[in-house]
Student: 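There's a structure below that I have some questions on.
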Amino acid sequence: WTYFYETGEKWRAGNYRNGQREGTWTTWYESGKKLHAGEYANDMEEGRWTAWYEDGRVDYYGNFTEGMKDGEWRGLYDDGTVRYVLHYREDVKDGEEVRYYPNGKVELRQNFRNGVLNGKYERYNEAGAPVEKGQFVGGEKDGKWVWYDNGHESYKARFKGGREVK
């Protein structure tokens, strides 16, 4: 099957088997450049899917298992440097997430367990100096947290269950 934009340009193409999407499916920008592509099995995304910027460079890619995001997903800036690395299990964030500034320095490092913030959390400025560090337990701030001003500690606090304790 092939679908078209109102302008007549190809929009999306792929095959059906017994009324379900099957095999490679591709979507295009109205300009005719590829937007994203991947496989379907039993009407669900399966395997690696890739998306592109309109100029043809990779935007992001990752894997699906039975229609759900699974494993590592990577996003790239238009110059090819890494924008983010995320991990999924059964379509929810699970594991480490790292986001980067365009200069390649880490912006944010955090961890998820079954879609909930859990574990070490670190945020940095564009120069790479820390802004905030702590940890989450079950989605709540827990333990020692430190905030920084120009890389120097400016405030410390302890948290239990998301509440600051003195």
Side-chain angles (χ1 to χ4, degrees), residues 12 25-40 44-166:
R12 180 183 228 176
W25 276 74
T26 305
T27 304
W28 291 269
Y29 288 100
E30 202 164 353
S31 66
K33 304 282 186 173
K34 198 183 293 187
L35 172 60
H36 57 71
E39 299 290 319
Y40 275 92
M44 293 182 284
E45 296 97 337
E46 187 68 39
R48 182 172 164 140
W49 277 72
T50 303
W52 292 270
Y53 290 104
E54 198 163 1
D55 66 8
R57 290 179 283 181
V58 174
D59 181 2
Y60 63 87
Y61 58 90
N63 291 299
F64 284 95
T65 300
E66 296 180 352
M68 293 184 283
K69 290 178 182 174
D70 188 49
E72 183 177 282
W73 280 72
R74 280 184 180 256
L76 306 173
Y77 285 104
D78 58 8
D79 68 358
T81 60
V82 178
R83 190 172 71 228
Y84 61 79
V85 178
L86 314 171
H87 294 87
Y88 288 90
R89 186 170 50 86
E90 296 180 355
D91 220 28
V92 295
K93 289 181 181 180
D94 194 74
E96 186 177 52
E97 171 181 338
V98 183
R99 295 191 175 270
Y100 298 88
Y101 287 106
N103 67 9
K105 301 239 184 229
V106 172
E107 176 184 2
L108 176 68
R109 187 181 307 271
Q110 59 189 358
N111 292 278
F112 288 86
R113 184 178 298 144
N114 200 25
V116 177
L117 280 167
N118 205 73
K120 190 162 74 169
Y121 175 93
E122 300 172 341
R123 195 163 50 93
Y124 300 89
N125 66 24
E126 278 191 85
V131 171
E132 178 180 21
K133 290 184 178 184
Q135 73 173 15
F136 283 90
V137 173
E140 304 283 349
K141 287 182 178 178
D142 195 77
K144 178 182 172 186
W145 278 72
V146 180
W147 285 265
Y148 300 83
D149 186 17
N150 294 320
H152 302 287
E153 287 186 9
S154 62
Y155 183 73
K156 292 181 191 178
R158 284 207 156 278
F159 286 83
K160 183 74 175 162
R163 293 183 177 208
E164 188 173 352
V165 293
K166 299 291 179 188

Student: Pair Glu164, Phe159 - check side-chain contact (heavy atoms from CB on, under 4.5 Å), show working.
Tutor: CA-CA 4 Å; Glu164 188 173 352; Phe159 286 83; 3.9 Å; yes
Student: Does Phe136 offer a backbone N or O that forms a donor-acceptor pair with the side chain of Asp142 under 3.5 Å?
Tutor: no
Student: Kindly write out the residues that satisfy side-chain hydrogen bond (donor to acceptor under 3.5 Å, both in side chains) with Thr81, not counting sequence neighbours, or none if the list is empty.
Tutor: Asp79
Student: Using the test side-chain hydrogen bond (donor to acceptor under 3.5 Å, both in side chains), find all partners of Glu140 that sit at least two apart in sequence or belong to another chain.
Tutor: none
Student: Between Glu122 and Arg109, is there a salt bridge with N-O shorter than 4.0 Å?
Tutor: yes
Student: Could you grab the distance from atom CD of Glu132 to atom CG of Asn125, nearest 0.5 Å is fine?
Tutor: 12.5 Å
Student: If you take all heavy atoms of Gln110 and Tyr121, which pair is closest and at what distance?
Tutor: OE1-CE1, 3.3 Å
Student: Looking at Tyr53, is its backbone amide N or carbonyl O close enough to the side chain of Asp59 to form a donor-acceptor pair, meaning the two atoms are under 3.5 Å apart?
Tutor: no
Student: Check for a donor-acceptor pair, side chain of Asn118 on one end and backbone N or O of Gly138 on the other, with a separation under 3.5 Å.
Tutor: yes
Student: If you measure from NZ on Lys93 to CG on Asn114, what distance do you get to the nearest 0.5 Å?
Tutor: 13.5 Å
Student: Verify the distance criterion only: is there a donor paired with an acceptor across the side chains of Asp149 and Ser154 at less than 3.5 Å?
Tutor: no
Student: Measure from the side-chain N and O atoms of Asp70 to the backbone N and O of Asn63, and report whether any donor-acceptor pair falls under 3.5 Å.
Tutor: no
Student: Measuring from atom NE2 of His36 to atom CZ of Arg12, what distance do you get when rounded to the nearest 0.5 angstrom?
Tutor: 6.5 Å
Student: Heavy-atom distance under 4.5 Å between the side chains of Trp28 and Lys33, does that happen here?
Tutor: no
Student: Minimum heavy-atom separation for Ala129 to Gly151, with atom names?
Tutor: CB-CA, 3.9 Å
Student: Can you tell me how far the CG atom of Asn111 sits from the NE2 atom of His87, to the nearest 0.5 Å?
Tutor: 10.0 Å
Student: How far does CZ of Arg123 sit from CG of Leu108, to the nearest 0.5 angstrom?
Tutor: 8.0 Å
Student: Please work out whether the ring planes of Trp147 and Tyr155 are parallel, tilted or perpendicular, with thresholds of 30° and 60°.
Tutor: tilted
Student: Do Tyr124 and Tyr100 come close enough that some side-chain heavy atom pair is under 4.5 Å?
Tutor: no
Student: Does the side chain of Tyr148 come within less than 4.5 Å of Glu153's, by heavy atoms?
Tutor: yes
Student: Run the side-chain contact (heavy atoms from CB on, under 4.5 Å) test on Arg83 and Leu76 for me, step by step, so that the C-alpha distance in whole Å, both residues' side-chain angles and the decisive distance to 0.1 Å come before the verdict.
Tutor: CA-CA 5 Å; Arg83 190 172 71 228; Leu76 306 173; 5.6 Å; no
Student: What pairs of donor and acceptor atoms, side-chain ones from residues 44-52 against any protein atom, are under 3.5 angstrom apart with sequence neighbours left out?
Tutor:
from	atom 1	to	atom 2	distance (Å)
Glu46	OE1	Glu66	N	2.8
Arg48	NE	Thr50	OG1	3.4
Trp49	NE1	Glu39	O	3.1

Student: NZ of Lys69 to CG of Asp94: how many Å apart, nearest 0.5 Å?
Tutor: 14.0 Å
Student: Using modelled atom types only, decide if a donor and an acceptor are shared between the side chain of Arg158 and the backbone of Val165 within a distance under 3.5 Å.
Tutor: no
Student: Would Lys105 and Glu126 pass as an ion pair if we require N to O under 4.0 Å?
Tutor: no
Student: Checking Arg99 against Tyr84: charged group under 6.0 Å from the ring centre and within 45 degrees of the axis?
Tutor: yes
